[in-house]
Student: 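Quick one: the structure is below, and I'll ask about it shortly.
Just so we're on the same page: letters track the sequence lines, and every chain starts at 1.
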Amino acid sequence: MKLTTKILSLLLLAFGLSLNAHAFPDEDVSIVIPYSPGGGFDRAVRAFAPQFGEHLGGEVNVLPRNVPGAGGRRGTTMVYRADPDGYTIGIINLPGFALPRILGEPAEYDLREMTWIGRIEAQAYVLLVSGSSDITSVEDLRQLDEITFTSTGYGSTVLAATQIVASALGLQKKNPIYLAGYSGTSDSLVALVRGDGNAAMAPISSAAKYVESGDLRALAVTGDSSPLEGVPTFAEAGYSELTPLDLQRALAGPPDMDPEVVKVLREAFDKTVKDPKFLDAAQKARMDVVPLDGDATAKSFKESFEFYEKFKADLRNPNAL
Amino acid sequence: MFDSVFTAASYLADGMNLLFLLLGVVVGVVFGIIPGLGGATAIALLLPLTFGMQAEQATTLMGGVMGAVTIGGSITAILLNTPGTAPNAATCFDGYPLTRKGKAGVAIGAAVTASSVGGVIGALILIMLLPVAKSIILFFGPPAYFMLALLGLTALTAASSNLLRGLIGACLGLFIGFVGYDDLGGVTRYTGGIDYLWDGLSIVPVLIGLFAIAEMLKLYVDGGTIAKSGDMDSVGVSGTLEGIKSAFRHFKVILSGSAIGSVIGTVPGVGGTVASFLSYTFTLQTSKNKEEFGKGDVRGVIAPEASNNAKDGGALIPTLAFGIPGSAEMALFLGVLVLHGMDPGPMLLLEREFTIFVLILALLAATVASGIIVLLTARYLIKVTYIDTSILIPSVIVISLVGAYALHNSIGDVFAAAFFGVLGYLMHRFDYPRITLVIALVLGGLMERNYFQTSLMYRGDWSKAFGDTPFVILLGLVVVALLMPMISKALKRKTGQKA
């Protein structure tokens with residue numbers, strides 16, 4: 001009895017397989033998260049995956065898979081080297097994962113070759129000072145003689161953003177100190193509240209609650225319009241070259257994927273980012289969903305890469321021994 | 001505030017919520033016992049279960065896990081010289097020698113009591129500190145963290161029976177701590193081009209190797225069973241009762257351990273492992289009759305266990321008030337909070353007072369409940385130490401290696417555990433202390449990073465550090481810690497001459 005059931009199900013399985021031989025997807029798709037569970041990238045994928053699975057036909061699961069290590073390089077390399085069959089894709093930190101190549105560091109992947117499926121999130125950066133300081137504008141900050149930025153370590157997006165802002169505001173000639181090495185953005189913001197330094201850059205979602213509580217004061221935000229009341233954009237403050245500075249979370253697969261498979265993934269992506277169920281989960285996880293389709297993501301990546309290339313000379317490690 | 005405590009208590013006492021708490025406790029104890037699996041894995045596993053729950057139910061479940069893991073972990077440390085979770089590492093130093101003397105029951109009784117009482121004290125301290133949580137976090141900056149790490153390192157002098165060998169072990173520990181990418185200097189150090197070493201050696205596989213695998217190698221050479229005296233049937237309840245009593249006899253050790261745990265717990269990124277080591281060495285430094293430490297002194301079990309349960313209370317402060325997770329476990333817990341619409345930040349403590357009190361009480365109840373579970377099962381667990389080595393050694397090695405793998409699903413961790421197993425055995429064989437290696441490994445990174453940050457923020461002018469109050473206080477403690485052995489020696493000589 002049992003044996004017959006087994007044989008029957010095997011036969012059915014074989015039949016099913018032969019029918020679907022060319023239809024993607026017919027097995028589970030995994031999304032590689034190149035960080036440990038708990039962070040913003042992890043949260044984004046976990047909110048996205050269930051609905052993405054539904055829109056891929058509902059027959060297969062989309063599995064979040066944490067592959068932390070080497071500041072995201074391990075997981076990204078894994079995606080880059082994966083079979084381009086669509087069953088392994090990853091979430092990419094833009095411009096974070098492009099930085100090694102811009103900085104001339106070894107990286108075993110090249111984001112320029114990857115297949116973009118779509119962007120989930122985009123966040124503006126905000127320039128901050130302590131809420132108890134006298135500095136109320138970008139110009140006030142520029143008048144300081146000694147500037148110390150609190151930041152995360154070399155190779156992080158926050159440090160790169162800080163260096164770019166310092167360069168655009170003409171602060172480099174004052175030899176600002178980059179007090180790097182805090183283990184995360186929240187740490188570096190608390191350090192700013194404490195007074196370890198006197199300015200910092202941060203993605204807006206990390207900074208908002210400190211600005212609301214009055215512990216920190218926002219001086220300017222990147223992007224075309226300011227989500228914070230009474231805070232100008234950098235363009236309004238006279239530094240329009242800083243407008244494109246942002247932090248993006250996008251899905252991508254390995255290079256040279258089958259166009260048919262890419263089409264299926266992109267279609268499911270576009271449906272998922274409009275799905276109320278996903279938007280609800282995203283709101284709960286405090287995500288900033290600003291979706292872009294695959295082609296637009298590729299274009300946005302290219303612009304972002306060029307933007308950082310432009311500031312390449314400012315991005316050396318300020319604390320190299 | 002007391003109103004909130006009572007409403008939270010009556011909430012927890014509700015049948016369904018009690019069930020969630022117990023589920024968390026049971027999962028926590030089991031994941032604690034198995035080396036490599038710990039609170040982080042348990043929370044990750046239970047996370048999807050909380051999707052449909054209310055915020056309070058979710059925090060009850062997770063509070064149950066967090067309160068229970070280190071109690072489970074102490075069992076493995078005591079019986080098999082294998083820390084079930086990293087914060088239990090310091091428990092090995094005296095817990096395991098007690099087991100070898102056939103006094104496993106005493107060690108377990110003492111560990112469980114110290115943990116439960118420590119957990120309760122930690123929760124009470126947390127309740128008292130909540131209103132001033134923000135000032136506490138803002139009180140400690142890089143100069144203070146640097147001094148704190150230095151203070152921990154001074155304990156090395158007390159922890160090594162032979163100072164030179166102790167220091168060699170410590171240097172080895174510092175050296176191992178250097179391996180990996182240094183994001184301040186922007187360089188990779190001693191990685192030899194191996195990808196795995198980029199993030200440095202993670203502490204859990206190192207501990208599994210140094211303690212569990214090294215111990216099995218040693219047992220293999222020695223033969224016999226772990227417990228050298230007593231027989232399987234006579235051990236158990238009587239021993240645990242004695243252990244419970246001895247914990248209360250050394251109540252001062254529980255108090256100091258809990259205080260250290262609560263304070264160190266608030267330091268992000270340091271957490272339970274450092275807390276339990278500091279508590280162990282503090283007790284060692286301040287105790288009379290230190291001869292028995294390292295050979296099976298019950299105070300050496302009480303001190304780290306009290307602190308590693310009290311630390312949960314402290315660790316919640318940066319997590320709740322600033323969204324800074326102090327450990328992988330807290331990072332996941334942060335995820336749980338966000339998932340249930342609780343955005344950690346200065347306002348959370350006021351806005352969600354009720355939920356937070358439910359969490360604190362769940363932690364408190366979990367330490368007591370898991371203590372009772374462990375005590376009830378202790379007599380069966382202890383039998384493990386009477387199992388013949390031909391069965392025990394392969395089983396423990398397999399569990400250890402699987403545990404090392406399960407941590408990050410990384411085969412590199414398995415090799416690291418094996419490497420440190422051999423190193424640990426060699427250190428034992430040639431009489432070098434492992435404890436100083438582990439202390440230096442745990443504290444080295446913290447000290448280095450904060451040293452550079454302090455230099456940077458004062459622009460190289462360290463004299464400015466004397467304007468930082470906690471820096472000065474901790475510096476004073478360092479001086480005392482270094483001078484105390486000399487003074488007590490001089491005093492001894494004086495009284496010796498008189499007599």
Side-chain angles (χ1 to χ4, degrees), chain A residues 36-39 42-43 46-47 65-71 73-74 77 103 105-106 108 146 148 150 152-156 159 175 177-187 189-191 193-197 206 208-210 212-215 281 283-286 316-321, chain B residues 40 43-44 47-48 51 134 137-143 180-188 193 195-199 268-269 318 321-326 328-336 338-341 343-348 408-410 412 448-450 452-454 456-457 459:
Chain A
S36 311
D42 183 63
R43 238 175 279 155
R46 284 174 200 280
R65 184 170 168 201
N66 298 87
V67 186
R73 292 178 208 207
R74 198 171 145 230
T77 305
L103 300 173
E105 307 246 322
E108 290 170 54
E146 288 196 339
T148 304
T150 59
T152 44
Y154 180 62
S156 71
L159 181 63
N175 287 324
I177 297 238
Y178 297 94
L179 185 49
Y182 292 99
S183 55
T185 312
S186 299
D187 288 89
L189 291 182
V190 171
V193 177
R194 187 165 47 224
D196 292 358
S206 317
K209 56 188 178 226
Y210 298 100
E212 277 164 28
S213 69
D215 289 311
Q283 202 195 352
K284 271 191 184 162
R286 307 248 163 180
R316 278 163 309 169
N317 182 10
N319 299 316
L321 296 174
Chain B
I43 293 180
L47 187 70
F51 285 158
K134 200 169 146 185
I137 306 279
L138 295 179
F139 192 57
F140 293 100
Y181 179 65
D182 162 35
D183 70 354
L184 248 175
V187 286
T188 50
D195 268 0
Y196 167 75
L197 292 176
W198 178 286
D199 293 309
F322 287 100
I324 302 175
E329 188 179 308
M330 278 296 161
L332 278 160
F333 181 64
L334 202 62
V336 177
V338 173
L339 190 77
H340 290 278
D343 200 7
M347 299 309 292
L348 179 71
H408 297 124
N409 294 335
S410 158
E448 191 205 4
R449 168 162 304 229
N450 287 287
F452 279 116
Q453 285 190 322
T454 309
L456 271 175
M457 69 186 260
R459 297 178 182 244

Student: Would you say that A:Leu179 contacts B:Gln453 through its side chain, given a criterion of any heavy-atom pair below 4.5 Å between the two side chains?
Tutor: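 In short, these two side chains touch, coming nearer than 4.5 Å.
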Student: I'd like to verify something: which residue of A:Arg74, A:Glu146, A:Glu108, A:Gln283 has the highest number of heavy-atom pairs under 4.5 Å with chain B?
Tutor: A:Glu146
Student: Output the option from A:Ser206, A:Gly181, A:Gly197 having the highest count of non-hydrogen pairs under 4.5 Å with chain B.
Tutor: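 Heavy-atom pair counts peak at A:Gly181.
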Student: With only heavy atoms counted, which part of A:Ala191 is less than 4.5 Å from chain B, the side chain, the backbone, both or neither?
Tutor: neither
Student: Give me the atom names and distance for the closest heavy-atom approach of A:Tyr182 to B:Pro142.
Tutor: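 The pair with the smallest heavy-atom distance is OH-CG, 3.7 Å.
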Student: Counting heavy atoms not belonging to A:Arg65, are there more than 12 under 6.0 Å from its CZ?
Tutor: no
Student: Quick one: pull up CD1 in A:Ile177 and CZ in B:Arg459 and give me the separation to the nearest 0.5 Å.
Tutor: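 That separation rounds to 4.0 Å.
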Student: Between B:Phe452, B:Phe140, B:Tyr196, which residue shows the highest count of heavy-atom pairs closer than 4.5 Å to chain A?
Tutor: B:Phe140
Student: Taking all non-hydrogen atoms of both residues into account, name the closest pair between A:Tyr154 and B:Tyr181 and its distance.
Tutor: O-OH, 2.9 Å
Student: In the structure I gave you, are the side-chain heavy atoms of B:Trp198 and A:Arg73 within less than 4.5 Å of one another anywhere?
Tutor: yes
Student: Over all heavy atoms of both residues, which pair between B:Leu184 and A:Asn317 is shortest? Give the atoms and the distance, please.
Tutor: O-ND2, 3.1 Å
